[in-house]
Amino acid sequence: MSKFGFIREKLDIKILILFILQRLPEAVDGSTLADLALCDEGISYFDYVECLNELIGTGHVTESDGKYRITEKGIRNGSAIESSLPYSVRAKAERAALSVAAVMRRNSMIKTSHKPLPEGGYRVELSLSDGVGEIISMSLLAAGKEQAEKMEANFRKDAEGVYNHIIDYLLKDK
């Protein structure tokens with residue numbers, strides 16, 4: 001059965017993987033990388049996995065704790081040949097990678113944690129950065145672990161909204 005799509009050779013798959021990884025600000029999990037790389041109908045999952053493992057073997061990509069990152073060697077070699085990918089594949093992969101990169105950058109600016117207190121309850125730490133420095137940091141008391149985790153999850157979902165509500169409240173004329 002013939003394949004559809006523009007990517008048919010293993011070398012093209014490897015170039016595509018390097019192209020994608022080069023556009024991400026940090027290491028990415030295998031599932032996300034697979035979703036991004038399988039953007040062309042000519043690529044099978046098994047070819048993708050084989051190419052990724054070969055890139056790890058040659059030192060173009062590193063894997064740590066199930067997350068993948070491009071190496072300096074990968075950046076150098078991938079940049080030199082990425083223009084050989086068909087334009088439509090490059091454009092589709094770049095759009096998808098930039099969308100994932102934006103989520104990664106946002107997530108890296110939000111920090112949350114909680115720890116149990118000796119007297120009971122949990123101390124919840126929440127902070128939001130603008131990429132240059134911290135713009136808000138809060139330390140809150142939660143009655144239990146479930147409440148602490150819910151505070152963290154809700155802050156992660158809408159940290160900017162929480163920040164805006166606090167600023168609006170503090171700047172109101174009373």
Full working for side-chain contact (heavy atoms from CB on, under 4.5 Å) between F155 and L128: CA-CA 9 Å; F155 186 76; L128 174 63; 4.2 Å; yes

Evaluation steps, side-chain contact (heavy atoms from CB on, under 4.5 Å), between E82 and L18: CA-CA 8 Å; E82 70 184 21; L18 294 174; over 6 Å; no

Full working for side-chain hydrogen bond (donor to acceptor under 3.5 Å, both in side chains) between Y169 and K174: CA-CA 10 Å; Y169 182 80; K174 299 202 177 207; 2.9 Å; yes

Working for side-chain contact (heavy atoms from CB on, under 4.5 Å), residues D12 and L16: CA-CA 6 Å; D12 291 333; L16 179 61; over 6 Å; no

Worked verdict on Q147 versus Y122 for side-chain contact (heavy atoms from CB on, under 4.5 Å): CA-CA 9 Å; Q147 188 180 48; Y122 283 78; over 6 Å; no

Residue pair E160, R106: steps toward the salt bridge (charged side-chain N to carboxylate O under 4.0 Å, His left out) verdict: CA-CA 10 Å; E160 300 86 352; R106 180 189 181 275; 2.9 Å; yes

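The existence of a salt bridge linking K10 and E54 is confirmed by a sub-4.0 Å separation between a basic side-chain nitrogen and an acidic carboxylate oxygen. Classification of E94 and R23 as a salt-bridged pair holds, one side-chain N sitting under 4.0 Å from a carboxylate O.
Interatomic distance, T112 OG1 to E149 CD, rounded to the nearest 0.5 Å: 10.0 Å. In this structure, CD1 in I110 is found 9.0 Å from OG in S127, a value given to the nearest 0.5 Å. The CZ atom of F46 sits 13.5 Å away from atom SG of C51, with the distance rounded to the nearest 0.5 Å. Atoms NE2 and CD, from H60 and E72 in turn, are 12.0 Å apart once rounded to the nearest 0.5 Å. Once rounded to the nearest 0.5 Å, the distance linking OH of Y68 with CG of L52 reads 5.0 Å. To the nearest 0.5 angstrom, L126 atom CG is 11.5 Å from H114 atom NE2.
You'll find the side chain of L24 reaches within 4.5 Å of the side chain of L36, heavy atoms only. Counting heavy atoms from C-beta outward, K111 and S129 have side chains that stay 4.5 Å or more apart. S139 places none of its side-chain heavy atoms less than 4.5 Å from the side chain of V124.
C39 and A93 get closest at one heavy-atom pair: SG-CB, 4.1 Å. Of all heavy-atom pairs spanning I7 and P86, the tightest one is CD1-CD, 4.1 Å. Scanning all heavy atoms of the two residues, the minimum distance from S108 to E26 falls at CB-OE1, 4.1 Å. The minimum heavy-atom distance linking P25 with M104 is given by the pair CD-SD, 3.7 Å. Minimum heavy-atom separation, I20 to L33: CG2-CD1, 4.0 Å.
Crowding of E134 atom CD: a count of heavy atoms from other residues, nucleotides or ligands under 6.0 Å exceeding 12. Within 6.0 Å of NZ in K145 there are 12 or fewer heavy atoms belonging to other residues, nucleotides or ligands.
No single ILVMFWY cluster, assembled from side-chain heavy atoms under 4.5 Å apart, contains both M109 and M151. L171 is connected to V162 through a chain of hydrophobic side-chain contacts under 4.5 Å among Ile, Leu, Val, Met, Phe, Trp and Tyr, so both are in one cluster. Note on L98: it does not cluster hydrophobically with I15, by side-chain heavy-atom contacts below 4.5 Å among ILVMFWY residues. I166 and L141 fall into different hydrophobic clusters, defined by Ile, Leu, Val, Met, Phe, Trp and Tyr side-chain heavy atoms under 4.5 Å apart, directly or through other members. Grouping the Ile, Leu, Val, Met, Phe, Trp and Tyr side chains by contacts below 4.5 angstrom, directly or via other members, places Y163 apart from V132.
Formation of a donor-acceptor pair under 3.5 Å by the R123 side chain with backbone atoms of L117 is not found in this model. Formation of a donor-acceptor pair under 3.5 Å by the D65 side chain with backbone atoms of K67 is not found in this model.
Side-chain contact of Y48 with K14: a donor-acceptor pair under 3.5 Å is absent, judged by distance alone. Residues T32 and D35 bring no donor and acceptor atom of their side chains to less than 3.5 Å of each other. Residues Q22 and S79 have side chains that bring a donor and an acceptor to within less than 3.5 angstrom of each other. No side-chain donor-acceptor contact under 3.5 Å links E125 and S113.
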